[in-house]
Chemist: 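Handing you this structure, nothing more for now.
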Amino acid sequence: MIDRIVLAKDAAAAARAAAVHIAEHLRRAVAERGEASWVLAGGSTPLPLYRSIAAEESVPWRQVTLWFGDERFVPPDDPHSNYRSAREALLGGLPERPVAVHPMVLPKEAQSPDGAFSVQRYEDLLRRWNRPFDVTLLGLGADGHTASLFPGALPPEDHHLVAQAEAPAAPRARITLTLEALRRSRGIVFLVTGEGKAPALRRVLAARPEAPDCPPAARVWPASGPMSGSVSGVRRWFVDLPALVGA
């Protein structure tokens with residue numbers, strides 16, 4: 001596995017560089033296979049990237065399918081919803097509608113007591129879709145988590161693609177792609193900004209994936225095989241200077 005780091009002077013520059021890379025990845029996928037897929041990240045860090053890539057008119061959005069890496073178990077119009085954030089920062093600015101957008105939680109599902117139905121529906125969707133993602137965007141938590149895969153609480157590696165998760169802070173109930181699903185990507189892109197992420201970034205880059213204390217983010221890489229389609233094993237990191245050097 002190889003880590004390639006693109007260093008930017010600040011968060012805005014890191015987001016722009018990541019947007020350019022992902023846009024090129026999507027264009028190339030469409031040129032090669034007639035379609036592309038992108039797994040979106042949650043939280044506030046990717047929002048500048050979404051606004052930037054929405055202005056990339058050369059991306060053939062009508063041939064792009066959008067998935068989500070994780071979601072808070074809240075209605076899709078809730079302020080905490082990753083889908084709502086993506087809708088406002090990305091979808092609302094696109095020149096044309098993607099071929100498909102797959103929210104993790106639908107309005108009626110949010111009325112149920114937990115996310116079990118959403119998890120099963122998303123699992124079934126991915127099983128029917130049955131091909132690797134072209135690019136997966138991920139963030140990094142200060143504790144080393146990514147998506148909603150938290151240290152000490154990883155779902156069992158039992159070949160499921162979607163799982164329920166519990167976050168340390170509210171809203172605690174989450175739905176997340178599993179390591180199995182995240183590894184089914186031709187490209188893995190991390191966007192990491194801010195000096196508060198520097199210790200976690202150092203831990204992840206130095207970690208051995210087989211170690212018992214390996215942070216969840218360090219366990220994600222594009223793996224070779226019939227579902228992943230990847231033989232490069234390259235993770236790309238778009239990092240600002242504060243995240244690299246810390247305070």
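Quick caveat, the model's predicted, so the values are computed rather than measured.
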Chemist: Tyr50: what forms a ring-ring contact (aromatic ring centres under 6.0 Å, His included) with it, not counting sequence neighbours?
Modeler: Trp38

Chemist: So, do Pro155 and Leu149 sit near enough that their side-chain heavy atoms are less than 4.5 Å apart?
Modeler: yes

Chemist: Any side-chain donor paired with an acceptor under 3.5 Å for Ser148 and Thr176?
Modeler: no

Chemist: Which pairs with one or both residues in residues 159-206 pass ring-ring contact (aromatic ring centres under 6.0 Å, His included), sequence neighbours excluded?
Modeler: Phe190-Trp237

Chemist: Using the side-chain contact (heavy atoms from CB on, under 4.5 Å) criterion, which residues pair with Ala55? Sequence neighbours excluded.
Modeler: none

Chemist: Are Leu140 and Phe150 joined in one hydrophobic group, where the rule is that I, L, V, M, F, W and Y side chains link up if heavy atoms are under 4.5 Å apart?
Modeler: no

Chemist: Taking all non-hydrogen atoms of both residues into account, name the closest pair between Pro215 and Ala207 and its distance.
Modeler: CD-CB, 3.7 Å

Chemist: Applying salt bridge (Lys or Arg N to Asp or Glu O under 4.0 Å) as the test, list every pair that has at least one member in residues 102-121; sequence neighbours left out.
Modeler: Glu109-Arg121

Chemist: Tell me the closest heavy-atom pair linking Trp129 and Ser37, and the distance in Å.
Modeler: CH2-OG, 3.3 Å

Chemist: Within a strict 4.5 Å, meaning less than it, do heavy atoms of the Ile2 and Arg4 side chains meet?
Modeler: yes

Chemist: Less than 4.5 Å apart, side chain to side chain, heavy atoms only: is that true for Thr178 and Val162?
Modeler: no

Chemist: Do Leu244 and Val192 land in one hydrophobic cluster if side-chain heavy atoms of ILVMFWY residues count as linked below 4.5 Å?
Modeler: yes

Chemist: Should Leu47 and Val20 be regarded as members of a common hydrophobic cluster, given that ILVMFWY residues are connected when their side-chain heavy atoms come within less than 4.5 Å of each other, either directly or indirectly?
Modeler: no

Chemist: Is any side-chain heavy atom of Pro216 closer than 4.5 Å to a side-chain heavy atom of Leu154?
Modeler: yes

Chemist: Write down the atom of Ser185, the atom of Ile188, and the distance for their closest heavy-atom approach.
Modeler: CB-CD1, 3.8 Å

Chemist: My understanding is that only residues two or more places apart in sequence, or in another chain, count here; which of them pass side-chain contact (heavy atoms from CB on, under 4.5 Å) with Arg33?
Modeler: Ala29, Asp134, Arg186

Chemist: Go through the steps for Leu161 and Arg127 under the test side chain to side chain contact (heavy atoms under 4.5 Å, CB included), then give the verdict.
Modeler: CA-CA 8 Å; Leu161 304 178; Arg127 295 288 180 188; 3.8 Å; yes

Chemist: Phe133, Val30: one ILVMFWY side-chain cluster at the under-4.5 Å cut-off?
Modeler: no

Chemist: How far apart are the C-alpha atoms of Asp70 and Leu177, what are their side-chain angles, what is the distance that settles it, and do they pass the side chain to side chain contact (heavy atoms under 4.5 Å, CB included) test?
Modeler: CA-CA 6 Å; Asp70 73 322; Leu177 296 188; over 6 Å; no

Chemist: With sequence neighbours excluded, tell me which residues meet side-chain hydrogen bond (donor to acceptor under 3.5 Å, both in side chains) with Glu180.
Modeler: Arg184

Chemist: What is the distance from atom CD1 of Ile53 to atom CG of Leu26, rounded to the nearest 0.5 Å?
Modeler: 5.5 Å

Chemist: Minimum heavy-atom separation for Leu182 to Ala147, with atom names?
Modeler: CD1-CB, 4.5 Å

Chemist: Would you say Glu88 has more than 12 foreign heavy atoms packed within less than 6.0 Å of its CD?
Modeler: yes

Chemist: Going by the rule ring-ring contact (aromatic ring centres under 6.0 Å, His included), which residues pair with His21 if we only count those two or more places apart in sequence or in a different chain?
Modeler: His25, Phe238

Chemist: Are Arg183 and Glu157 ion-paired here, with the side-chain N under 4.0 Å from a carboxylate O?
Modeler: yes

Chemist: What pairs meet the ring-ring contact (aromatic ring centres under 6.0 Å, His included) rule with one or both residues in residues 84-126, with sequence neighbours excluded?
Modeler: Trp67-His102, Trp67-Tyr122

Chemist: Listed by chain and number, what are the side-chain hydrogen bond (donor to acceptor under 3.5 Å, both in side chains) partners of Gln164, not counting sequence neighbours?
Modeler: none

Chemist: Which residues satisfy the side-chain contact (heavy atoms from CB on, under 4.5 Å) test with Pro199, sequence neighbours excluded?
Modeler: Arg202, Arg203

Chemist: Mind checking what makes side-chain contact (heavy atoms from CB on, under 4.5 Å) contact with Val101, not counting sequence neighbours?
Modeler: Leu66, Phe68, Tyr83, Leu91, Arg97, Pro98

Chemist: Applying salt bridge (Lys or Arg N to Asp or Glu O under 4.0 Å), which residue pairs with at least one partner in residues 6-25 are found, sequence neighbours left out?
Modeler: Glu24-Arg27, Glu24-Arg28

Chemist: Using every non-hydrogen atom in the two residues, find where Pro75 and Ser81 come nearest and quote the distance to one decimal.
Modeler: O-CB, 3.6 Å

Chemist: With a 4.5 Å cut-off on side-chain heavy-atom distances among I, L, V, M, F, W and Y, is there a chain of contacts connecting Val99 to Ile22?
Modeler: no

Chemist: Indicate yes or no for a side-chain donor-acceptor contact from Glu71 to the backbone of Met104 under 3.5 Å, with no hydrogens or angles considered.
Modeler: no

Chemist: I need the Leu138 CG to Leu191 CG distance, nearest 0.5 Å.
Modeler: 10.5 Å

Chemist: Ala200 and Gly144: which non-hydrogen atoms are nearest, and at how many Å?
Modeler: CB-N, 4.2 Å

Chemist: Would Arg84 and Asn82 count as a side chain to side chain contact (heavy atoms under 4.5 Å, CB included) if you check the C-alpha gap in whole Å, the side-chain angles of each, and the deciding distance to 0.1 Å?
Modeler: CA-CA 5 Å; Arg84 174 176 169 167; Asn82 289 335; over 6 Å; no

Chemist: Would you compute the distance between atom CG of Leu125 and atom CD of Gln120 and round it to the nearest 0.5 angstrom?
Modeler: 10.5 Å

Chemist: For the residue pair Lys197 and Val239, establish whether any side-chain heavy-atom pair is separated by less than 4.5 Å.
Modeler: no

Chemist: Test Arg172 against Arg72 for side chain to side chain contact (heavy atoms under 4.5 Å, CB included), laying out the working first.
Modeler: CA-CA 7 Å; Arg172 294 172 64 88; Arg72 287 80 177 242; over 6 Å; no

Chemist: Indicate yes or no for a side-chain donor-acceptor contact from Thr146 to the backbone of Gly139 under 3.5 Å, with no hydrogens or angles considered.
Modeler: yes

Chemist: Measure the spacing between OG1 of Thr193 and CG of Leu241 and express it to the nearest 0.5 Å.
Modeler: 12.0 Å

